[in-house]
Peer 1: 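Below you'll find the structure I mean.
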Amino acid sequence: MIDRQQLRRDFEGLQAAIARRGSEVVAAGSAWARLAELDARQRELKTESESQQAERNRASKAIGMKRGKGEDASAEIAAMGEVSKRVKELDALSKEAEAEFAAALLEVPNPLHASVPDGASEEDNVEISVWGTPRSDEVPAHWDIGTDLGILDFEAGATLAGSRFTVIKGAAARLERALMQFMLDLHADKHGYEEVWVPAIANSKTMTGTGQLPKFADDLYKLEGEDQYLIPTAEVPVTNLYQDKILDISELPKRHCAYTPCFRREAGSAGRDERGIIRQHQFDKVELVHITTPERALSDLDELVSHAQAVLEALELPYRTVKLCSADVGFSSQLTFDLEVWLPSQNCYREISSCSSFGQFQGRRAGIRYREEGGKPQPVATLNGSGLAIGRTLVAILENYWQEDGSVRIPAVLQPYMGGMQVIKAS
RNA sequence: GGAGAGAUGGCUGAGUGGCCGAAAGCGCGCCCCUGCUAAGGGUGUAUAGGCUAAAACCUAUCGAGGGUUCGAAUCCCUCUCUCUCCGCCA
């Protein structure tokens, strides 16, 4: 969420940064367009309400003192009835205005960082670097490789749950587990992250803290009759570990890695990636989360990206790094780099990690603050990135390590996690 | 699921209707004294908002939301969470 003081100080500047996402974001009637007026109205009502409350407090105190001395205060008490009534009315109005403003504020996206390139769609994302050499021979799609090897069972997934669910079997199931362990070990042991294990369910406050709510409720699975949702990413519970906390600056930066399952309704993506396991309602992911200071946000983002890249490099999977353009940066993010892995069957790079800096946007929403020596608390900066999405990593391995005889080699770094297995062959 | 207890500032913990934003202690900051190995004295120390050049000041916050009252940390209702016991359960 944006800074309320800044809203008053630099309305034009903020508007320009937000409008880069698309003119509809600041169009007439949008939350942004209503914000300044709601802010002014709220303060006006609040000021009026507060002056009445001050009046009431003064009079009450006087009554108390008279009573204390044993004097009669019935005249003052009678006069107070009217004031109290007004206080209640004004307070109700003020609270209503406050709620309206707060609701609008939550709908406004993060202003983009100046370095985000302009663009109209993901086509305009900018390639930053390329690593590895993509194989150029004909490779079957991972769903065929997996089916032939008997390690991916799409029918079983559909039977058990529905479309976009898959049963992973045998060596692939173990590979899923191996990837999880390998990634966590890498980040915890080599990159200095503290591993956490968190709930895969979060309440609405937590979902609001990182920006999934209120705008993107349609993308989430909600538990019936509960104020709870299945998490779409570990970002939600891990970042919110510190919600409403004031951290000492000496505790920053905090860096956590976490494995969680992720659940997404994929509303609006009907028809996209229907086949295979690239776009599932449930998938596994190892996530990296940084809680840091605003000054460090951008340099920390570079580090975070390098940590995600390290996974792909260790697995020897060709990939490229792109900087998302203004049209593609997510609601809560100010700046995002995607890592895209090479999928030979599709002859293109596909997203496997998304690393973002949120600036103080989430820190403000979630009430995560830090205090400098002698200073006032201020919102932390948050970052996160996939390190990596495990299902898609599995896809990348199946395709990039596929061999003419239909078997799939196991990347060297994973073999210890696979009980020494080197190749997945049809049984 | 049943029964009971509880939720107060960074922490511990007082406070059952009015000079209580809240005693005391701990911790921490600053100052002083002292100097012989760790102690004494003083003082300050919540968050948010409003108004300010800045203060002063004003308002709110004692788990959350409602209510009673001239006035609520304190009384009433609802909810959430924590703890203990019982039941059930991986």
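A note on names: the letters A, B, ... follow the listed sequences, proteins ahead of strands, and every chain is numbered from 1. Side-chain atoms are counted along with the backbone in the values below, which use heavy atoms only and exclude waters and symmetry mates.
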Peer 1: Given the ring of A:Phe154, does A:Arg164 sit roughly above its face, with NZ or CZ under 6.0 Å from the centre of the six-membered ring and within 45° of the axis?
Peer 2: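 No.
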Peer 1: Using whole Å, report how far CG of A:Leu45 lies from P of B:U59.
Peer 2: 18 Å
Peer 1: Could you let me know what B:G71 is paired to, Watson-Crick or G-U wobble, both distances under 3.5 Å, or none if it's on its own?
Peer 2: none
Peer 1: Between A:Arg58 and A:Glu55, does any side-chain N to carboxylate O distance fall below 4.0 Å?
Peer 2: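 Yes, A:Arg58 and A:Glu55 are salt-bridged.
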Peer 1: Go ahead and name the base partner of B:C51; Watson-Crick or wobble counts if both distances stay under 3.5 Å, otherwise write none.
Peer 2: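 Across any shown strand, B:C51 pairs with none.
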Peer 1: Determine which pairs satisfy salt bridge (Lys or Arg N to Asp or Glu O under 4.0 Å) with at least one residue from residues 180-201 of chain A, sequence neighbours left out, and list them in order.
Peer 2: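 Output for this query is empty, none listed.
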Peer 1: May I have the distance from A:Phe101 (atom CZ) to B:G49 (atom C1'), rounded to whole angstrom?
Peer 2: 12 Å
Peer 1: Check this one for me: any side-chain N or O of A:Arg371 less than 4.0 Å away from OP1 or OP2 of B:U47?
Peer 2: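 Yes, A:Arg371 has a side-chain N/O under 4.0 Å of OP1/OP2 on B:U47.
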Peer 1: When you get a sec, tell me which of B:A48, B:G50, B:A60 is the closest nucleotide to the side chain of A:Asn57?
Peer 2: B:A60
Peer 1: Return the 5'-most residue of the pair A:Ser51, A:Gln378 with respect to RNA chain B, ranking by each residue's nearest nucleotide.
Peer 2: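 That would be A:Gln378.
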Peer 1: Rounded to the Å, how far apart are A:Asp91 CG and B:U61 C1'?
Peer 2: 13 Å
Peer 1: Please confirm whether the ring centroid of A:Phe361 lies under 6.0 Å from the ring centroid of A:Phe331.
Peer 2: yes
Peer 1: For A:Glu24, does the CD atom sit with more than 12 other heavy atoms under 6.0 Å from it, leaving out its own atoms?
Peer 2: yes
Peer 1: What nucleic acid atoms does A:Gln5 come within less than 4.0 Å of, heavy atoms only: base, sugar-phosphate, or nothing?
Peer 2: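 It contacts sugar-phosphate atoms only.
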Peer 1: Does either side chain, that of A:Glu313 or that of A:Tyr319, offer a donor lying less than 3.5 Å from an acceptor on the other one?
Peer 2: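 Side chains of A:Glu313 and A:Tyr319: pair found under 3.5 Å.
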Peer 1: Each nucleotide in nucleotides 62-71 of chain B should get exactly one letter: B, S or -. Can you fill that in based on protein heavy atoms under 4.0 Å?
Peer 2: ------S-BS
Peer 1: Counting heavy atoms from C-beta on, name the nucleotide in B:U59, B:A46, B:A48 closest to the side chain of A:Gln53.
Peer 2: B:U59
Peer 1: Output the rounded distance in Å from CD (A:Glu44) to C1' (B:U59).
Peer 2: 17 Å
Peer 1: Paired with B:U34 by Watson-Crick or G-U wobble geometry, both distances under 3.5 Å: which nucleotide is it?
Peer 2: none
Peer 1: Using the P atom as the point on both nucleotides, what is the distance between B:U74 and B:U8, in whole Å?
Peer 2: 14 Å
Peer 1: Is the distance between the ring centroids of A:Tyr221 and A:Tyr229 under 6.0 Å?
Peer 2: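 For A:Tyr229 and A:Tyr221, the ring centres are not under 6.0 Å apart.
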Peer 1: Are the aromatic ring centres of A:His290 and A:Tyr193 under 6.0 angstrom apart?
Peer 2: yes
Peer 1: For B:G10 versus B:A48, give the span between their P atoms, rounded off to a whole number of Å.
Peer 2: 11 Å
Peer 1: Give the rounded distance in Å between these two atoms: CE of A:Met1 and C1' of B:A48.
Peer 2: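 Taking CE of A:Met1 and C1' of B:A48, I get 12 Å after rounding.
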Peer 1: Pick the P atom in B:G50 and in B:A7, then give their distance to the nearest Å.
Peer 2: 33 Å
Peer 1: Sticking with atom P, work out how far B:C20 lies from B:G2, rounded to a whole angstrom.
Peer 2: 43 Å
Peer 1: When you measure from the side-chain N and O atoms of A:Arg8 to the phosphate of B:G50, is any distance below 4.0 Å, counting only OP1 and OP2?
Peer 2: yes
Peer 1: Determine, for A:Phe337 and A:Lys323, whether the Lys NZ or Arg CZ falls below 6.0 Å from the six-membered ring centre while staying within 45 degrees of the axis.
Peer 2: no
Peer 1: Looking at A:Tyr242 versus A:His256, is the centre-to-centre ring distance below 6.0 Å?
Peer 2: yes
Peer 1: Across all strands, who's sitting opposite B:G25 as a Watson-Crick or G-U wobble pair, both distances under 3.5 Å?
Peer 2: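 Looking at the geometry, B:G25 pairs with B:C11.
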Peer 1: Name the pairing partner of B:C19, where a pair is Watson-Crick or G-U wobble with both distances under 3.5 Å, or state none.
Peer 2: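 Looking at the geometry, B:C19 pairs with no nucleotide.
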Peer 1: For B:U61, give the paired nucleotide (Watson-Crick: N1-N3 plus N6-O4 or O6-N4; G-U: N1-O2 and O6-N3; both under 3.5 Å), or none.
Peer 2: B:A46
Peer 1: Figure out the CD1/P separation between A:Ile249 and B:G29, and round it to whole Å.
Peer 2: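 Result: 16 Å.
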Peer 1: For nucleotides B:U47 and B:G35, find the distance between their P atoms and express it as a whole number of Å.
Peer 2: 39 Å
Peer 1: Please give, in whole Å, the distance from B:G49 P to A:Arg41 CZ?
Peer 2: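 Rounded to the whole Å, the gap is 21 Å.
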Peer 1: When the P atoms of B:C70 and B:U82 are compared, how many Å lie between them, rounded to an integer?
Peer 2: 38 Å
Peer 1: What distance, rounded to whole Å, do you find between the two P atoms, one in B:U84 and one in B:U68?
Peer 2: 38 Å
Peer 1: Considering only atom C1', compute the distance from B:A73 to B:G13 and round it to an integer number of Å.
Peer 2: 14 Å
Peer 1: Could you state the CG-P distance from A:Asn203 to B:C79, rounded to the nearest angstrom?
Peer 2: 18 Å
Peer 1: Let's see if you can work this out: which of B:C58, B:A60, B:A48 has an atom nearest to the side-chain heavy atoms of A:Pro377?
Peer 2: B:A48
Peer 1: Could you check which nucleotide pairs with B:U84 in any of the strands shown, counting Watson-Crick or G-U wobble with both distances under 3.5 Å?
Peer 2: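 Across all strands, the one nucleotide that pairs with B:U84 is B:A3.
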Peer 1: Which sits closer to the 5' end of RNA chain B, A:Ala54 or A:Ile246, going by the nucleotide each is nearest to?
Peer 2: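 It is A:Ile246 whose nearest nucleotide is closer to the 5' end.
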Peer 1: NA contact type, A:Arg4, heavy-atom cut-off 4.0 Å: base, sugar-phosphate, or nothing?
Peer 2: nothing
Peer 1: Measuring from the side chain of A:Arg43 (C-beta onward, heavy atoms only), which nucleotide among B:C51, B:C58, B:U47 has the closest atom?
Peer 2: B:C51
